[in-house]
Amino acid sequence: MTDLLDVEDLWVRFPTRTGMFDAVRGVSFRLGRERLGIVGESGSGKSMTGRAILRLIRPPGQVDATHIKLDGENLLDKSEVEMRAVRGNRISMVMQDPKFSLNPVMTVGEQLIEAYQLHARGGQAEARKRAIEMLEAVSIRDAERVMRAHPHEMSGGMGQRIMIAMMLIPDPELLIADEPTSALDVSVQGQVLQIMDKLVQDRGMGLIFISHDLNLVAQFCDRVLIMYAGRVVETCDAHKLHEAQHPYTRGLLNSLPRFDAPQKRLEVLKRDPAWAEVPSVGPRA
Ligand SMILES: Nc1ncnc2c1ncn2[C@@H]1O[C@H](COP(=O)(O)OP(=O)(O)OP(=O)(O)O)[C@@H](O)[C@H]1O
Ligand SMILES: [Mg+2]
C-alpha cells in the first residue's frame, strides 16, 4: 500500500548575512492514515517542515528533498496552479498564528462560505449550512453571530477554532495542525482534539500534529517524531514515549514536572552538540 505521505531527505534553507541557515536538515518520514506528532523545542524546525510539505516556504527560503509524495505523487513536480488545488482540497494546514491566516476585511461567514465553494460547487444556502455545522463542530456557540463577525472581534482561541473549522470544510486527506490547541483552555482543547480524532477515525484522514506539549502528544498521537536543531533525532510509538532512548527526548521528559512523582528540583536540559550532527545515513521513520 502506498503511504499517504512520504517525505525523503527534506532540507529548508534560508540565506542570512552570515551564510546559509539550515532550518530543516534531512528530515525523512512516512505517514499512513494515523496521527503523527512532531515535538521539539522552539526553533527546531517543526513549522518549517509543515510549511515545506505544502510548498509554502517563500523565497529566498529554499526547499530541497528527494521527494515529498502524497499518495505516491511527488508534490515537488507540481506546478504552482496544481499546488493550489492540493492546498485547497487534499492537504489543509492550521497555522500556528491564526490571526495571519484569516482575512481581516471579510466576515467569518464569508470566509467559511468561500472555503466551501472553492471545494464543492454547492449553492449559497448549502455552503452556509455547512459553515454553521463546522463552527458548531468546533464548539462555537452562537454560530450565527460569529458568521457575521470580523476576525478582530474574535478571541485568540475562537480564531484558532474558526481556522480549524475552515480547514476541515474541504474534507482533506491530510491535516497539518501547527500548535492547534495551544491558545485554548483545557476543556476546549479536549473538544478540538476529539473533533480531529473523529476525522482520523471516521474519514481515514491523516494528521500531523505539531506541538510543544510532550504529554499531550503522547496521549493523542499514534507515533511521535522528536526534532532537534532541524533533524529528527528519534521516532517512537506515542505510548512508548516514556521509554524513549535519545538523550534529548529523555532530557525533555525529565524536565517536565510530574504530580505523581514530585522532585525537589526540576532537571535542566543539557544539550550535546553531537545531537545536531547529520549522520551520513539519516534515521528513517
Ligand atoms: N524567513 C526566515 N529566515 C531565516 N530563518 C528563518 C526564517 N523562518 C524561520 N527561520 C528559522 O528556522 C528555524 C525553524 O523555525 P520553525 O518556525 O520551524 O521552528 P518551530 O520548531 O516551529 O518553533 P516554535 O516551536 O517556536 O514554533 C528557526 O531557527 C527560525 O529562526
Ligand atoms: Mg512553529
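Just so you know, ligand 1 is whichever comes first in the structure, and atom 1 is the first atom listed for that ligand.
Gly43 O, 3.5 Å is the protein heavy atom nearest to atom 14 (C) of ligand 1. Among protein heavy atoms, the minimum distance from atom 10 (N) of ligand 1 is reached at Phe14 CE1, 3.8 Å. Looking at atom 22 (O) of ligand 1, its nearest protein heavy atom turns out to be Ser47 OG, 2.8 Å. Atom 27 (O) of ligand 1 has Gln96 NE2, 2.8 Å as its closest protein atom, hydrogens excluded (heavy atom only). From the protein, the heavy atom lying nearest to atom 18 (O) of ligand 1 is Met48 N, 2.9 Å. When only non-hydrogen protein atoms are considered, atom 26 (O) of ligand 1 lies nearest to Ser42 OG, 2.5 Å. Nearest non-hydrogen protein atom to atom 25 (O) of ligand 1 is Lys46 NZ, 2.7 Å.
Of the charged side-chain nitrogens involved, at least one lies within less than 4.0 Å of a carboxylate oxygen, so that Arg13 and Asp22 count as a salt-bridged pair. Using a 4.0 Å cut-off between charged nitrogen and carboxylate oxygen, Arg130 and Glu126 do not count as a salt-bridge pair.
For the atom pair CG of Leu75 and CZ of Arg87, the computed distance is 9.5 Å after rounding to the nearest 0.5 Å. Here Leu70 contributes atom CG and Arg90 contributes atom CZ; the two are 4.5 Å apart, rounded to the nearest 0.5 Å. Taken to the nearest 0.5 Å, the CZ atom of Arg250 stands 9.0 Å off from the CD atom of Glu243. Taken to the nearest 0.5 Å, the CD atom of Glu73 stands 13.0 Å off from the CG atom of Asp6. Between the CG atom of Asp197 and the CZ atom of Phe209 there is a distance of 10.5 Å, given to the nearest 0.5 Å. Taken from CD1 in Ile226 to CD in Gln245, the straight-line distance is 11.0 Å, to the nearest 0.5 Å.
Every heavy atom of Gly40 sits 4.0 Å or more from the atoms of ligand 1. Using a non-hydrogen distance threshold of 4.0 Å, Gly45 registers as a contact of ligand 1.
A distance-only check finds no donor-acceptor pair linking the side chain of Lys46 to the backbone of Val39 [under 3.5 Å]. Remark: side-chain polar atoms of Arg51 are paired, donor with acceptor, to backbone N or O of Leu56 under 3.5 angstrom. Between the side chain of Asp3 and the backbone N or O of Gly32 there is no donor-acceptor pair closer than 3.5 Å.
Atoms of ligand 1 found under 4.0 Å from any heavy atom of Ser44, numbered from 1 in the order shown, are 19 (O), 21 (O). Close approach to Phe21 involves these atoms of ligand 1, each under 4.0 Å from a residue heavy atom: 11 (C), 12 (O), 13 (C), 29 (O). Listed by number with element, the atoms of ligand 1 under 4.0 Å from a non-hydrogen atom of His212 are 25 (O).
Between the side chains of Asp178 and Ser47, at least one donor-acceptor pair of N or O atoms lies under 3.5 Å.
Between Gly50 and Ile176, the shortest heavy-atom contact is O-CD1, 3.8 Å.
Because its NZ or CZ atom is both nearer than 6.0 Å to the ring centre of Phe220 and within 45° of the ring axis, Arg35 counts as a cation-pi partner of that residue.
For ligand 1, the polar-atom distance check finds no N/O of Thr16 at less than 3.5 Å from any of the ligand's N/O atoms. Among the atoms of Glu179, none of the N or O lies under 3.5 angstrom from an N or O of ligand 1. Not a single N or O atom of Thr49, backbone or side chain, sits closer than 3.5 Å to an N or O atom of ligand 1.
Protein atoms that are N, O or S and lie under 2.8 Å from the Mg ion (ligand 2) are these: Ser47 OG, Gln96 OE1.
Under the 4.0 angstrom criterion, atom 20 (P) of ligand 1 counts as having a protein heavy-atom contact.
Between the choices Ser211, Pro15, Ala23, the shortest heavy-atom distance to atom 12 (O) of ligand 1 belongs to Ala23.
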